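To keep things clear, I will list the structure first and then write my remarks on it.
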Protein chains: 2
Amino acid sequence: MHVQVPDSVSTLGPCGGCAHCLTCEARSRSICSVISPEHSARLARYSHRLSVPQGRSFIEEGQPAEDFFIVTSGHAKLFSLMPDGRRQITGFANTGQFLGLASGKTYAFSAEALDALTLCRFSRSGLSTLRRDFPALENRLMEEASRELVQAQSRMLLLGRKTARERLASFLVEQHHLQSGLDHRPPSDRTLTLPMSRTDIADYLGLTIETVSRTLNALQREHLIVIRFVTLITLLDLAALEAMARGD
Amino acid sequence: MHVQVPDSVSTLGPCGGCAHCLTCEARSRSICSVISPEHSARLARYSHRLSVPQGRSFIEEGQPAEDFFIVTSGHAKLFSLMPDGRRQITGFANTGQFLGLASGKTYAFSAEALDALTLCRFSRSGLSTLRRDFPALENRLMEEASRELVQAQSRMLLLGRKTARERLASFLVEQHHLQSGLDHRPPSDRTLTLPMSRTDIADYLGLTIETVSRTLNALQREHLIVIRFVTLITLLDLAALEAMARGD
DNA sequence: GGCGTGCCTTGATCCATATCAAGACCATTG
DNA sequence: CAATGGTCTTGATATGGATCAAGGCACGCC
C-alpha cells in the first residue's frame, strides 16, 4: 500500500540519494537512455518516483507547469476538456514517455492514470540542470518533441478528415505497433490488450461510444478483427486494416 | 525577377557571405532573435534566402527532411493529404515561423506558399552547427516545439469535438490574435485580412467550403462579424466570438 | 466591353454519425 | 445467489454537416 500525499499522488519512497535510476525498467525506452549508467546517481538526485492509482488525475490543464514526468509503468490518458464536458483525448502515454513538452507556463492538457501507474517526476529546475550537464538530453528531448509533433499531424488528419471506420482502423494499427515494440511479446502476436475503456477510445477518436462499439463490431463481421473480450482484440488482417487506416 | 532552380523554388541571390541576417525583417520574431546582431555573419553563412511564388509547393510530405526553413515574409499552408485527395491543413505559417520541427528522417507535412513567400533555408548540418555554437538556439527551438505542441492539442480539441460555429469562431479569434501582434496595426483594429481561400479554411477546420461559407454568413446575420470582402472580415463582438470558440 | 474561368454563395437533399432509449453482460457485494 | 451498478451493445430516430446542383460575382484576357 502507498501513502497519500496532499497533491493527490503517492510517493513510493523518498529516494533522496538512492539509485532508482540504475534499476529503472523504463530507462531504455525513455530520454534517460542517453545518460550512461555511471551517471545514474546524478539523474536520481533530480528525480523522484511516485505512484498514481487507477483513475487518479496527476496533471491538471491550466495549472502551472512546474514538473515534468516520465511514465515508468502503466498507462495514462492526456486530454482537454470543454466547459460543457466534451472531452478530447490528445494522446495515451506508455512506459518511457516523457510528459510535459506541450506546456508553456501552464500545462496544456490534463493527465489521468488508466491503470496503476508509476512515474518519475522532475522539477523544471532539476531538468534544466540535467539538460545543462548532459547535452545529449537536449537532443533527445528535441527528438521526443519532433516525434510528438509528427504524431500530432497525423492525429489532426484523423480527426479532421477520416471516417469512423478509418479512425478505428488507425487506432487498432497504432496500438498494434505500440504493443509489438514491447520486449515480452512475440512479434507475430496480433492480439491487443487495450488499457482504455470504450469511452476513452471514443474521446481519442472524436466519436461516441456507440459509434466505436458499432464500428468495431462491423470490423469483426467483416473478419478483419476478433473481439475476444472488451479489452482483448485480435487483428486478423493487418494489411487490410493498414490500408483502411490510410484511407485507400 | 528571380531565377528558377531545379527544386521548384527560386533563390534571391547567392548570399554566400553577405549579411542578409542583419537586415532581416523576420529576425525579431524568429528563433534568430536569440543570436546577437554581431554574430549575424555566422548566421548568414549557414542560411540562404529564397523566394517561392504563390501556389508553389516547397516541402513535400515523405521527402527526406534535409532542410529547415524560417518564413521571412508572406504566408504558407502546411498540410497532409490522403490518397483520395482529402486534405487536412495542420497549420498556417507566418513571418518568423520555423518550419521542419515536425519531421523525423522525412517531412511529416507538405508546405505551399499562400502568397509571395520568402524563406530562409538552413541545411540540417548547418543548423546543427549553429545549435552547437549558440546554445541559446537550442532553448529557443525547444520553446518553439512546445508552442507548436500546445497549439496541436487545441487543434485536436477543435477537430475532434467542436461544432462548425465553434470552429469558425476559434479560427477568427486565432487570426485576430495573430494579426494584432503585428507592428503596423493599431491594437484596436478588429478587421482581419485573410491570406487563405475558403477551401483552405475548410481544410484547416475539417469542414467543407459550403459549411464555411454558410457559417460565416450566419455569424454575420447575428452581427458577430461583417464580411467586407471575401478576404476582409471585421469582428464586431470579440468577446462573444471568444466565448463561442471556448464552447460556452 | 464581352467572355471565360475560378472562386464563392445559396438552395435542396442525403447520409454518417449523434442522440435517445432499452437491454445485455459482468463484476462486486451482501 | 440475488441485487446492484457500471460498462458495453444494439436498436430506433434525429440532425449537423456533407454532397449535389445551380447561380453569382470578380478578375484577367482578348
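Because the structure is predicted, anything quoted here is derived from the model rather than measured. Each chain gets a letter, A, B and so on, in the order the sequences are listed, and its residues count up from 1.
Inspection of the B:S213 and B:R198 side chains reveals no N or O donor paired with an N or O acceptor under 3.5 Å. No side-chain donor from either of B:T118 and B:R49 sits under 3.5 Å from a side-chain acceptor of the other. Looking only at atom types and distance, the side chain of A:T95 has no donor-acceptor partner in the side chain of A:S73 under 3.5 Å away. Side chains of B:T90 and A:Q153: a donor on one and an acceptor on the other come within 3.5 Å.
Applying the 4.0 Å criterion to OP1 and OP2 of C:dC7, one finds that B:S197 has every side-chain N and O outside that range.
Nearer the 5' end of DNA chain D, as judged by each residue's closest nucleotide, is the contact made by A:R221, out of B:G206 and A:R221. Between A:T231 and A:R161, the residue anchored nearer the 5' end of DNA chain D, judged by the nucleotide with its closest heavy atom, is A:T231.
Nucleotide C:dC25 holds its P atom 15 Å from the CZ atom of A:F229, rounded to whole Å. As a whole-Å value, the separation of B:Q220 CD from C:dT9 C1' is 12 Å. Between the C1' atom of C:dC26 and the CZ atom of A:R228 lies a distance of 20 Å, rounded to the nearest Å. In this structure, the CG atom of A:L159 is 15 Å from the C1' atom of C:dT17, given to the nearest Å. In this structure, CZ of A:R198 is placed 14 Å from C1' of C:dC26, rounded to the nearest angstrom. Taking atom NZ of B:K162 as the reference point, atom P of C:dT17 lies 22 Å away to the nearest angstrom.
Of the options A:F68, A:Y107, A:F58, a side-chain contact (heavy atoms from CB on, under 4.5 Å) to A:L99 is made by A:F58 and by none of the others. Residue B:F92 is tested with B:F109, B:F79, B:Y204 for a ring pair (Phe, Tyr, Trp, His ring centres under 6.0 Å); the sole match is B:Y204. Each of A:D203, A:D115, A:D200 was checked for a salt bridge (charged side-chain N to carboxylate O under 4.0 Å, His left out) with A:K77, and the lone residue meeting it is A:D200.
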Original post:
How far apart are the C-alpha atoms of B:I227 and B:I225, what are their side-chain angles, what is the distance that settles it, and do they pass the side chain to side chain contact (heavy atoms under 4.5 Å, CB included) test?
Top reply: CA-CA 7 Å; B:I227 305 169; B:I225 65 174; 4.1 Å; yes
Every protein N/O within reach of nucleotides 11-15 of chain C N/O, cut-off under 3.5 Å:
from	atom 1	to	atom 2	distance (Å)
C:dG11	N7	B:R214	NH1	2.8
C:dG11	O6	B:R214	NH2	3.3
C:dA12	N6	B:R214	NH2	3.3

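In 5' to 3' order, the nucleotides of DNA chain D bounding all contacts with chain A (an atom under 4.0 Å from a heavy atom) are D:dC8 to D:dA12.
In this structure, B:H223 places its NE2 atom where only 12 or fewer heavy-atom neighbours from other residues, nucleotides or ligands lie under 6.0 Å away.
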